[in-house]
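The structure appears below as structure tokens.
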Amino acid sequence: MLDSKLLRENPKKVMSALKNRQFDTSLIDKVAVIDKKWREAVFKAETLKKQRNENSKEVGKLKKEGKAADDLLEKTRLIGDEIKKIEEDLGAIEVELNQILFQIPNIPFSSVPVGKDESSNKEIRKWGNIPSFSFKPKAHDEIGVALGILNFKEAVKLSGARFVVYHKLGAALERALISFMIDVHTKENGYEEVLAPVLVKAHSLLGTGQLPKFEEDLFKCSDDFYLIPTAEVSVTNLHRDEIIDYKKLPIKYCSYSPCFRREAGSYGKDTKGIIRQHQFNKVELVKFTDPAKSYDELESLTKNAEMILQKLNLPYRVVELCTGDLGFSSARTYDIEVWFPSEGRYREISSCSNFEDFQARRAGIKFKKDAGSKPEYVHTLNGSGLAVGRTFAAILENCQREDGAVLIPQILKPYLGIDAISAVY
RNA sequence: GGAGGAGUACCCAAGUGGCUCAAGGGGACGGUUUGCUAAACCGUUAGUGGCUUUGCCAGCGAGAGUUCGAAUCUCUCCUCCUCCGCCA
């Protein structure tokens, strides 16, 4: 959510920034009108309340003195009725205003490249050598099925399309990757591990920006629960409606969770393999920072995520998203893309974003510099560190051998105790 | 799921319709005293949100209601505790 004061005082700036996101700026004009109505109603209600408080005190005094207070009583009753009416209006105005405010995306950071879609994204850096094969590299799902470590038919039996069952060393590899990632982030990068609920209430999703606009991407359960699409939701909301001690910033969390996405808009896209699933595992990095330092923290967060790929020796590149490709809540985003030999291209494996105070304002997350100062909103950041299923797939593809075996990155040896997954083990 | 009980500020807690625009204590912070520490004494301590900001309005788990006036009365909900049932 944007600051309504900013909208009030500098609507032109907001509009020009949001135009780059293909956003319909007529909503901004509407906000101004409703906001004015709201402030007038607030002032009126408060003036009347002041009058009522004074009158009530007077009534009490008169009654104690045994004097009649009927006139004043009646007059004050009418004031009460009026207050009630104004407050009803006020409630409706607030709903209307919030409905719009919740629909407005974040303002892109000043240096974000302007562009319509992903074709304007900017490559920042590349790492690693793209492997060359003396044979035609196979797709990860083909490799996994052949090795007996991935089974899609069983998954269809259980849950339908876009699910997978891991077997034997496949299940072990998935588990090993989760542990490995968490170990790196906790032991080397200074993150605190968190394991949080994957079922959350709507207000948590409102806090991070998935609701109200993106309900169709979510699985909704009964009893007002939603399955989280990312651990970002649970972990960011850990500090909802809190004022954090400045000395505790930055707070850095690392959290494994399964993630659940309906993939409503992607029928027919990535139907093969484990790239796009309704349920997948992810290790997420979340930071709460001093606004003055959040862009430095975005750089280090991105490098923390990259470190995983480096240790696994998987080639990747880092791309900055342009204004048109930026997520709803984000002010600046780096995507990390890993190389997929079977497709001959890089594919997203992590998305690292600075949300500035957009989520913090929605979720009420503040900090106080010292005892006397006024609370300010923190900046929140997060990024995948990494998407586990896609890392699994990337290992299968990049580390495959002609005989169908897959060499396991050496760094995983302590977790798996093997050098390769082959058809006969 | 059933039956009870509770929720007041950083913590404990008083408060059953107007002398409470929330008492008292602890803690914390500041000061006096002191060679230093402790003790004692004095003082400060409701954080926050909003507005047309010397001020005003809101706020006692949340929301609604009754009333001229609600921490206090009524209703709904949430959370926690105890017991029973069920369960990994």
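In the text below, chain A, chain B and the rest are named by the order of the sequence lines, each starting its count at 1. Atom set for the values below is all heavy atoms of this structure, side chains included, hydrogens, waters and symmetry mates excluded.
- The nucleotide whose nearest atom lies closest to any side-chain atom of A/Ile243 is, among B/C68, B/U48, B/C51, B/U48.
- Among the heavy atoms of the strands, none lies under 4.0 Å from A/Arg361.
- Comparing the P positions of B/A22 and B/C57 gives a spacing of 12 Å, expressed to the nearest Å.
- Looking at which nucleotide of RNA chain B each of A/Glu46 and A/Glu58 is closest to, the 5′-most match is held by A/Glu58.
- Using a 4.0 Å cut-off between charged side-chain N and carboxylate O, A/Arg77 and A/Glu74 make a salt bridge.
- Within the nucleic acid shown, A/Lys5 comes within 4.0 Å of sugar-phosphate atoms alone, with no base atom in reach, counting heavy atoms only.
- For B/G18, neither phosphate oxygen OP1 nor OP2 lies less than 4.0 angstrom from any side-chain nitrogen or oxygen of A/Asn53.
- Nucleotides B/U54 and B/A62 are separated by 35 Å at their C1' atoms, to the nearest Å.
- Rounded to whole angstrom, the span from the NZ atom of A/Lys57 across to the P atom of B/U20 amounts to 12 Å.
- B/A58 and B/C10: their C1' atoms are spaced 22 Å apart (whole Å).
- For the residue pair A/Tyr191 and A/Asn304, a side-chain donor N or O sits within less than 3.5 Å of a side-chain acceptor on the partner.
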Completion exercise
Base-pair string, RNA chain B, Watson-Crick plus G-U, cut-off 3.5 Å on both distances, | for inter-strand, is ((((((((.[[[..)..(.....]]]((((((.......))))))..((((...))))..[[[[[..)....]]]]])))))))....

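- Relative ring orientation between A/His278 and A/Phe163 is described as tilted, the plane-to-plane angle lying within the 30° to 60° band.
- Nearest nucleotide to the A/Phe43 side chain, out of B/C57, B/U52, B/U48: B/U52.
- Contacts of A/Thr76 with the nucleic acid, taken as non-hydrogen atoms under 4.0 Å apart, involve only primed sugar atoms and P, OP1 or OP2.
- Checked for salt-bridge contact, A/Arg39 and A/Asp35 meet the test: a charged N lies under 4.0 Å from a carboxylate O.
- More than 12 heavy atoms of other residues, nucleotides or ligands sit less than 6.0 Å from atom CD of A/Glu188.
- Using a 4.0 Å heavy-atom distance criterion, A/Lys84 is classed as a sugar-phosphate-only contact.
- Applying the salt bridge (Lys or Arg N to Asp or Glu O under 4.0 Å) definition to pairs two or more places apart or across chains, none involves residues 9-27 of chain A.
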